[in-house]
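I have placed the structure first, in the form of structure tokens, so that the comments after it can refer back to it.
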Amino acid sequence: MKNHRPDWDSYFMEIARIVSKRSTCIRRHVGALIVKDKRILSTGYNGAPKGLKHCMDSGCLREKMNIASGERHELCRGLHAEQNAIIQAALHGVSINGAELYTTHLPCSICMKMIINAGILKITYLDGYPDELSVELIKESNIKMKKI
């Protein structure tokens, strides 16, 4: 009988995909989890701050303004999945220094700056994201990247 257990990267990425299903974003569903020593520390998905209307209810301002993906992040009412995962860890007093991030999409430049300062050492992701500054920040940092 063959062993059908997924490897660790596949296992954590599948969980990130499931987390992304909680997203309330109209444009893109993103899920992220922060892992250390093969243990999940925190998860996050993209959506409005708690207690506020979700984009699926109020509409997407960026869509209405015809803003391209990867541009003008500040005009979105939602938080990104990576931001929510970092915030959840902070809210519950969980250190993520030295951890790994699994995310369904390459982090944007705003998220990358947070990831760098949070001490995350490795990012594993599925799909790209059109943000040239993010790619520059990744190259300049010592964070390891892995696309699967």
Side-chain angles (χ1 to χ4, degrees), residues 3-63 67 69-131 133-135 137-148:
N3 184 353
H4 294 289
R5 292 178 70 194
D7 61 55
W8 286 108
D9 285 344
S10 299
Y11 171 73
F12 290 128
M13 192 56 72
E14 186 62 28
I15 295 170
R17 279 190 217 156
I18 292 168
V19 170
S20 77
K21 293 179 181 187
R22 291 279 307 151
S23 171
T24 60
C25 179
I26 294 169
R27 289 180 145 192
R28 180 180 316 223
H29 291 202
V30 181
L33 55 137
I34 300 174
V35 174
K36 190 171 186 179
D37 299 326
K38 296 185 177 39
R39 301 289 180 251
I40 298 169
L41 303 177
S42 181
T43 65
Y45 53 87
N46 54 330
K50 67 181 177 180
L52 301 185
K53 288 183 184 176
H54 295 288
C55 298
M56 60 186 0
D57 300 323
S58 66
C60 177
L61 178 61
R62 297 178 78 235
E63 192 80 14
I67 297 170
S69 183
E71 297 178 9
R72 303 292 312 269
H73 303 289
E74 76 280 5
L75 294 178
C76 179
R77 70 182 289 115
L79 291 156
H80 288 187
E82 302 90 340
Q83 293 169 335
N84 271 326
I86 290 168
I87 291 165
Q88 284 301 308
L91 186 65
H92 296 288
V94 177
S95 173
I96 58 173
N97 188 38
E100 299 179 35
L101 174 75
Y102 287 83
T103 182
T104 56
H105 293 76
L106 183 71
C108 74
S109 54
I110 295 170
C111 290
M112 272 308 300
K113 291 183 270 187
M114 292 176 69
I115 290 163
I116 290 165
N117 277 3
I120 291 173
L121 301 177
K122 182 180 176 185
I123 300 170
T124 303
Y125 68 99
L126 282 175
D127 295 318
Y129 188 75
D131 186 336
L133 179 56
S134 178
V135 175
L137 294 170
I138 292 165
K139 288 178 183 175
E140 193 175 337
S141 75
N142 290 324
I143 295 174
K144 294 178 183 167
M145 299 294 295
K146 182 177 181 181
K147 184 178 188 320
I148 59 173

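Heavy-atom basis, side chains included; hydrogens, waters and symmetry copies ignored. Positions are given from 1, in the same order as the sequence printed here.
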Nearest heavy-atom pair of [X] and [Y]: which atoms, and what distance?
X	Y	result
S69	P130	O-CG, 3.4 Å
T24	A48	OG1-N, 3.9 Å
C108	Y129	CB-CE2, 3.6 Å
A89	I96	CB-CG2, 3.5 Å
E82	C111	OE1-SG, 3.6 Å
N46	S23	OD1-OG, 2.7 Å

I want to check something: taking the side chain as every heavy atom from C-beta on, are [X] and [Y] in contact at a cut-off of under 4.5 Å?
X	Y	result
R17	T104	yes
I67	L61	no
H80	H105	no
M114	Q83	yes
R27	C60	yes

- Query: Listed by chain and number, what are the salt bridge (charged side-chain N to carboxylate O under 4.0 Å, His left out) partners of R72, not counting sequence neighbours?
  - Reply: E74

- Identify, with sequence neighbours excluded, every residue that meets salt bridge (charged side-chain N to carboxylate O under 4.0 Å, His left out) alongside R28. none

So, taking the atom named [atom1] in [X] and the one named [atom2] in [Y], what distance separates them when rounded to the nearest 0.5 Å?
X	Y	atom1	atom2	result
E100	I115	CD	CD1	12.5 Å
I116	L121	CD1	CG	11.5 Å
L133	K113	CG	NZ	6.0 Å
I120	M112	CD1	CE	9.0 Å
D131	S109	CG	OG	3.5 Å
L52	D57	CG	CG	11.5 Å

Does [X] reach the main-chain N or O of [Y] with its side chain, forming a donor-acceptor pair under 3.5 Å?
X	Y	result
S42	A85	yes
R77	K53	yes
K21	H29	no
S134	P107	yes

Can you give the donor-acceptor pairs under 3.5 Å from side chains of residues 141-148 to other protein atoms, not counting sequence neighbours?
residue	atom	partner	partner atom	Å
S141	OG	L137	O	3.4
S141	OG	I138	O	3.0
S141	OG	I143	N	3.2
K146	NZ	D9	OD2	2.5
K147	NZ	L126	O	2.7

- S10 meets the side-chain hydrogen bond (donor to acceptor under 3.5 Å, both in side chains) criterion, sequence neighbours left out, with D7

- Query: For residues 41-63, which residue pairs qualify under ring-ring contact (aromatic ring centres under 6.0 Å, His included), counting only residues two or more places apart or in two chains?
  - Reply: none

- Message: Run the ring-ring contact (aromatic ring centres under 6.0 Å, His included) test against F12 and tell me which residues pass, sequence neighbours left out.
- Response: W8, Y102

